[in-house]
Each structure stands twice: as structure tokens, then as C-alpha cells.
Amino acid sequence: DKAGHRHFMAKEIAEQPSRLTSALSFYLSDDGAIRLPEPGIDFTGVDRLTMVACGTASYACHVAKYWFEQLAGLPVDIDVASEFRYREPPLAARTTALFVSQSGETADTLAALRYCRGKADRILCVVNVAESSIARESDLALPILAGPEIGVASTKAFSCQLLVLGVLALEAARQRGRLDGAAYAEQVESLRALPGLVNHALSISDEAARIATRLAEARDVLFLGRGRMFPLALEGALKLKEISYIHAEAYASGELKHGPIALVDKSVPVIVMAPHDELFDKTVSNMQEVMARGGRVLLITDRAGAAAASHGVWETLVMPDVADLWAPILYAVPAQLLAYHTAMAKGTDVDQPRNLAKSVTVE
Ligand code: M6R
């Protein structure tokens with residue numbers, strides 16, 4: 001049931017405010033304390049977190065790495081499951097392994113989990129399907145409560161994975177004495193603001209559709225982001241290639257001049273994801289290098305970012321203001337909407353893109 005939408009993907013994008021609200025009410029009590037399913041997680045006994053996933057779920061891990069490291073001072077290793085399992089990496093003492101999967105049935109992720117059995121202190125998973133193999137075989141399963149995701153392109157599962165990982169990082173920071181009560185309460189409040197902000201962000205849909213008619217003419221698209229926004233650039237590129245079949249690549253902004261800038265000319269749209277945070281000026285200088293070479297920039301930013309840096313850019317999408325830390329959750333929305341509308345403009349099969357399956361149960 002598409003609930004009046006043309007595609008499951010559109011429905012699932014639109015559902016994000018209510019799905020995020022469900023996840024928040026599961027993980028936060030009224031007094032702002034974080035509640036984890038029993039028996040909970042003792043982060044004081046963890047020296048290292050190893051995160052493993054595939055595709056979009058792996059990009060959620062990459063965002064979470066910034067959160068765990070910056071907020072909780074907890075070192076994180078990440079690998080895609082198909083590399084991790086065959087590399088057979090040694091796990092250091094006091095390592096917790098964390099697997100992220102919407103379906104809970106991805107073959108490589110499940111095999112990576114089984115590899116960690118007996119080697120990691122603890123096996124955790126962040127899953128959407130609570131009755132899945134990955135959930136069953138973990139010591140503790142943390143549900144994302146996104147509801148069934150039918151569209152092959154993952155949307156609401158990504159934002160809900162990020163939310164749950166953000167909650168975990170906050171809890172780790174609290175337990176490890178890295179956040180005082182006021183700072184913790186402030187971050188919890190900023191998490192609670194997300195459903196409303198995501199709802200607001202959905203209103204850029206018409207503008208994204210207008211821009212998408214131009215993106216649909218491109219053969220190649222580059223996405224750039226820095227820090228927490230780099231994984232969002234990766235996610236934007238994956239979403240676009242998956243459903244519109246346009247070749248898209250993402251780079252950390254600082255890597256531009258180490259090679260990819262050679263690709264830039266006026267036929268390659270460059271999508272820059274940059275809220276006005278502590279790294280904004282650095283990203284803007286990379287953006288200017290693109291424009292100086294005739295590149296057409298679509299800047300996705302907030303009001304302050306647009307006021308500071310819209311001059312000379314091809315298009316600007318203005319997002320609501322959000323706490324810096326949680327911006328990746330909000331900026332998932334324009335990444336999804338641009339891909340969706342570009343696919344619509346190209347007439348591709350949005351919910352069932354060629355060559356892809358919703359759940360990759362073969363290796
Ligand atoms: O079910 P999983 O989260 O384990 O699936 C992982 C990937 O196959 C999945 O995220 C894939 O990359 C999506 N189609 C991306 O939109």
C-alpha cells in the first residue's frame with residue numbers, strides 16, 4: 001500500500017518524521033534518559049568498536065564513527081562486510097562488534113557476524129527486521145523501528161539507523177564521563193527536534209524536482225562533503241546511481257585536488273553538502289575551486305551557509321537549521337529527494353531498479 005504516493009520510495013521518504021518519532025519514543029524516556037533494551041550496554045568496558053555493514057547501512061556506520069569518536073572518545077573501525085569477512089582481521093581485546101542491517105539477512109554481514117563470534121567481547125546489531133538472522137544471532141539487537149521498507153533504495157531505514165546510532169553514541173559519551181548533564185540534555189533535546197526538522201526539509205521536494213530535471217541530463221555527478229557530511233555525500237551518490245543510473249561519485253572535499261578535480265567541467269554537476277558548521281569555510285574553498293574550473297555547483301546548506309556562500313553557485317537548496325552533530329540525519333532528505341526526482345525525470349523504475357534486490361542474501 002503506497003498510501004497515495006506514486007512509489008514506495010516516496011512514501012518511505014515521507015514517513016521519516018513519524019518513524020523517527022517512534023524510534024525516539026522507544027529510546028528516550030520522558031525525563032530525557034536513554035533507555036536501551038535489556039540488558040543494556042556497558043560502554044565503560046569497551047576500548048574499541050568494530051562496525052560492519054554493506055551499502056547504505058555502511059554509510060550510517062561512517063557517520064556514527066564521527067559521533068562515537070568525537071562524543072564518546074571511543075575508537076571505531078569500519079569495514080564493508082564482504083571485505084571484513086575474508087580479511088579475517090584480528091580483534092583487539094575489549095572490542096565490541098556492531099552490525100548494521102535493514103533486512104538483517106544480508107549474507108556478507110551475517111557471515112562477518114559469525115566470524116566475530118568468540119573473538120569480540122560482545123555482538124550488537126542495529127536492525128529493522130527484528131525477527132531476522134542477524135538479530136537472532138546477536139547478543140543484543142537494537143531495533144530502528146522504521147517499519148517495513150519496500151523500495152529497494154533505502155531511505156527511512158538510513159535515517160532511523162542514524163538516529164539509533166546517535167542515541168548509542170550519546171549514551172556511550174555519558175557513561176564514559178565525556179558529557180556533563182547539561183551538554184547531554186542539550187543533545188537529547190536536539191535529537192527530539194529532528195522529526196519536526198525532517199518534516200520541514202520535506203518541503204524542498206518541489207525545488208528538488210525542478211533541479212532534478214537538469215541533473216537528469218548529466219552523465220556524471222560528483223558529491224562532496226567534509227567530516228560528518230562526507231558519508232552523506234557517499235549516500236547521495238549511491239542513491240542517485242542506484243535509481244537514476246547516472247554515474248555518481250563522492251569524495252571527501254579535501255580529496256578534490258588529489259585527483260577528482262580533473263573530472264570537473266561544465267557538464268558535471270557538483271553537489272556540495274555543507275551546513276554552516278566548523279568545517280564550512282574549508283568546504284567552501286573546495287567549492288570555489290570547482291567553480292573556478294567552470295563546474296556547476298549545487299550547494300545544500302542552511303540559511304547562514306546560503307548567505308555566506310551562494311554567490312556564483314548554480315543552485316542552492318536551503319535546509320532548516322539543525323544541531324551540527326545531527327545534521328547528517330536531516331541532510332539525508334535532500335540526498336533522497338534529488339535521487340528520487342532525477343529517477344522520475346528519467347522514467348526509471350524507482351522502486352525496483354534494474355539488477356538490484358532489496359535483500360542481498362547471496363554473497
Ligand atoms: O539490508 P541491509 O541494510 O543489510 O542492506 C544493505 C545494502 O544492500 C543496502 O543498504 C543497499 O545498499 C541499498 N539498496 C541502498 O539503497
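Numbers here are sequence positions counted from 1. Counting starts at 1 for both ligands and their atoms, in listed order.
The ligand atoms of ligand 1 that sit less than 4.0 angstrom from a heavy atom of Q102 are 1 (O), 2 (P), 3 (O), 4 (O). Close approach of ligand 1 to T106 is summarised as follows: ligand atoms under 4.0 Å from at least one heavy atom of the residue are 1 (O), 2 (P), 4 (O), 5 (O). Each of the atoms 3 (O), 10 (O) of ligand 1 lies under 4.0 Å from some heavy atom of A57. Every atom of ligand 1 is numbered from 1 in the order shown, and the set under 4.0 Å from a heavy atom of S103 is 1 (O), 2 (P), 4 (O). Within the listing of ligand 1, atoms 12 (O) sit less than 4.0 angstrom from a heavy atom of G55. Listed by number with element, the atoms of ligand 1 under 4.0 Å from a non-hydrogen atom of A153 are 16 (O). Which parts of ligand 1 touch K239 is read off a 4.0 Å heavy-atom cut-off, strictly below it: atoms 15 (C), 16 (O).
The nearest protein atom to atom 8 (O) of ligand 1, hydrogens excluded, is given as V360 CG2, 4.1 Å; this is a heavy-atom distance. Residue, atom and distance of the protein heavy atom nearest to atom 6 (C) of ligand 1 are C54 O, 3.3 Å. Ranking protein heavy atoms by distance to atom 11 (C) of ligand 1, first place goes to T56 N, 4.2 Å.
R48 and D77 are joined by a salt bridge, as a carboxylate oxygen and a charged side-chain nitrogen come within less than 4.0 angstrom of each other. Between D220 and K241 there is no salt bridge, since no side-chain nitrogen of the basic residue lies less than 4.0 Å from a carboxylate oxygen of the acidic one.
Residue D321 forms a side chain to side chain donor-acceptor pair (under 3.5 Å) with just one option from R303, H200, H276, and that option is R303. Remark: of the listed residues Q16, E235, E12, Q16 is the sole one forming a side chain to side chain donor-acceptor pair (under 3.5 Å) with Q336. The only member of S359, S133, S132 that meets side chain to side chain donor-acceptor pair (under 3.5 Å) when paired with E105 is S133.
By the neighbour-count criterion of 12 heavy atoms within 6.0 Å, atom NE2 of H258 is densely surrounded, having more than that number from other residues, nucleotides or ligands.
If you chain together hydrophobic residues whose side chains sit under 4.5 Å apart, W67 and L124 fall into the same group.
A cation-pi geometry, defined here as NZ or CZ lying under 6.0 Å from the six-membered ring centre and within 45° of its normal, does not hold between R35 and Y27.
Residue K358 does not touch ligand 1, judged by heavy-atom distances below 4.0 Å. Residue-level proximity to ligand 1 for E105 is absent, since no heavy atom of it falls below 4.0 angstrom.
Of the N or O atoms in E242, one or more lie within a sub-3.5 Å distance of an N or O in ligand 1. The shortest N/O to N/O separation between V152 and ligand 1 falls below 3.5 Å.
Not close to ligand 1: S359, with no non-hydrogen atom less than 4.0 angstrom away. Residue contact annotation: T109 has no non-hydrogen atom under 4.0 Å from ligand 1.
Distance check, rounded to the nearest 0.5 Å: CD1 of I204 to CZ of R210 gives 11.0 Å.
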- Please step through ring-ring contact (aromatic ring centres under 6.0 Å, His included) for the pair F84 and Y115, ending with a clear verdict. CA-CA 9 Å; F84 180 89; Y115 169 79; 5.8 Å; yes
